[in-house]
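What you see is a predicted model; the values in this text were computed from it and never measured.
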Amino acid sequence: MIPTPDLSHLSDDDKLNVYDPAEDTFLLLDGLEKDAEQLKDQQPLICLEIGSGSGCVSAFLGSILGPANALYLCTDINERASICTLATGRQNRIPLNSITCDLSRPLLTRLRHSVDVIIFNPPYVPTDHHEASHSQDAAGIAGSWAGGLDGMEVTNRFLDIVGELLSACGKFYLVALAQNNIPDIRQRMQEKFDLDSEIVIQRRVRREHLHIVRFSRRPSKV
């Protein structure tokens, strides 16, 4: 078993302002661990996490792949999250590069068809549009969970561009709720970007039915 990254450096104040790893985070770690050999065989050069929060997930990925074997890029709209991500990288000796921005906006052109592993645990909780929009504009902790209509408003924005980022052998890991209409997400990604998909792992946690979905394409599909 791969140990969960050390987050003992995070303060109580950090946890009030940055999404603290929870059941969805740990399910994502379990999914990555399940794919660990596959990920190592892939030998990724560029890894990108959207909405890195504490940095726990990218640090975990770095422990699978090795600190010197890939470039680890982490984005978050929350500046406090970017600071925590950097600190988590230092704490776990994984060189995480943190960028405060909306999704992958400043990286899209430079990283076109270059990212080998993309990870996104989006704000997936269904809320009204105003709450989701305000949370994104405020760039605080609520932006990590308020997902708008069907919990998909932020996710849909990234799904529209993820195929432009993925490399020829790229993999994209998405956290989703059953209420997000996962069959529709999978069909859209197949039709728009010709991405194959598989549910790596799923778990019921209280009222939530969480899924980790892996999207990928074969080398001939770029």
Side-chain angles (χ1 to χ4, degrees), residues 1-40 44 46-104 116-125 135-136 138-147 154 171 173-177 200-206 208 210-212:
M1 177 178 289
I2 302 170
T4 301
D6 179 7
L7 302 178
S8 62
H9 58 287
L10 298 180
S11 67
D12 290 341
D13 192 52
D14 288 330
K15 295 174 183 179
L16 289 175
N17 291 280
V18 176
Y19 187 71
D20 198 25
E23 288 87 352
D24 52 352
T25 313
F26 300 128
L27 184 64
L28 182 50
L29 300 190
D30 288 344
L32 293 172
E33 184 168 16
K34 188 174 180 180
D35 275 6
E37 293 307 315
Q38 185 180 142
L39 286 164
K40 286 188 280 191
I46 300 178
C47 303
L48 171 64
E49 182 182 6
I50 305 297
S52 59
S54 67
C56 177
V57 175
S58 283
F60 187 82
L61 179 64
S63 70
I64 293 173
L65 300 176
N69 295 331
L71 173 65
Y72 300 99
L73 301 173
C74 308
T75 73
D76 205 295
I77 59 170
N78 182 345
E79 186 175 2
R80 185 69 170 267
S82 297
I83 294 170
C84 287
T85 291
L86 284 175
T88 296
R90 288 193 298 268
Q91 183 79 1
N92 293 273
R93 299 182 180 180
I94 303 294
L96 302 183
N97 297 273
S98 192
I99 304 158
T100 305
C101 67
D102 177 34
L103 300 176
S104 60
D116 301 305
V117 178
I118 299 176
I119 300 171
F120 189 22
N121 184 359
Y124 54 68
V125 176
S135 296
Q136 291 298 304
I141 191 170
S144 65
W145 58 263
V154 177
K171 291 180 174 61
Y173 292 86
L174 176 70
V175 180
L177 280 179
V200 178
I201 191 170
Q202 57 184 295
R203 186 175 298 154
R204 291 186 181 274
V205 181
R206 294 186 290 276
E208 294 184 339
L210 294 162
H211 298 70
I212 307 302

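Taking each heavy atom of Cys56 and Pro5 in turn, the nearest pair found is O-CG, 3.3 Å. Smallest separation of non-hydrogen atoms from Ser98 and Leu86: CB-CG, 3.6 Å. Contact between Ser54 and Leu7 at its shortest, heavy atoms only, is OG-CD1, 4.3 Å. The minimum heavy-atom distance linking Gly53 with Val18 is given by the pair C-CG1, 3.5 Å. In this structure, Thr88 and His9 approach most closely via the heavy-atom pair OG1-NE2, 2.9 Å.
No hydrogens or angles considered: a donor-acceptor pair under 3.5 Å links the side chains of Thr100 and Ser82. Checked by atom type, the side-chain pair Asp6/Ser8 shows a donor-acceptor distance below 3.5 Å.
Separating the CD1 atom in Ile83 from the CG atom in Leu10 is a distance of 12.0 Å, to the nearest 0.5 Å. Taking CG of Leu174 as the start and CD1 of Ile212 as the end, the distance is 8.0 Å to the nearest 0.5 Å.
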Query raised in the report: Hey, mind stepping through Leu210 and Leu177 against side-chain contact (heavy atoms from CB on, under 4.5 Å) and telling me if it holds?
Result: CA-CA 5 Å; Leu210 294 162; Leu177 280 179; 3.7 Å; yes

**Report entry** Test side-chain contact (heavy atoms from CB on, under 4.5 Å) applied to Asn78 and Tyr19, step by step
**Finding:** CA-CA 10 Å; Asn78 182 345; Tyr19 187 71; over 6 Å; no

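Judged as a side chain to side chain contact (heavy atoms under 4.5 Å, CB included), and not counting sequence neighbours, the contacts of Arg203 are Leu27, Asp30, Ile201, Val205. Residues passing the ring-ring contact (aromatic ring centres under 6.0 Å, His included) test with Phe120 are Phe158, sequence neighbours excluded.
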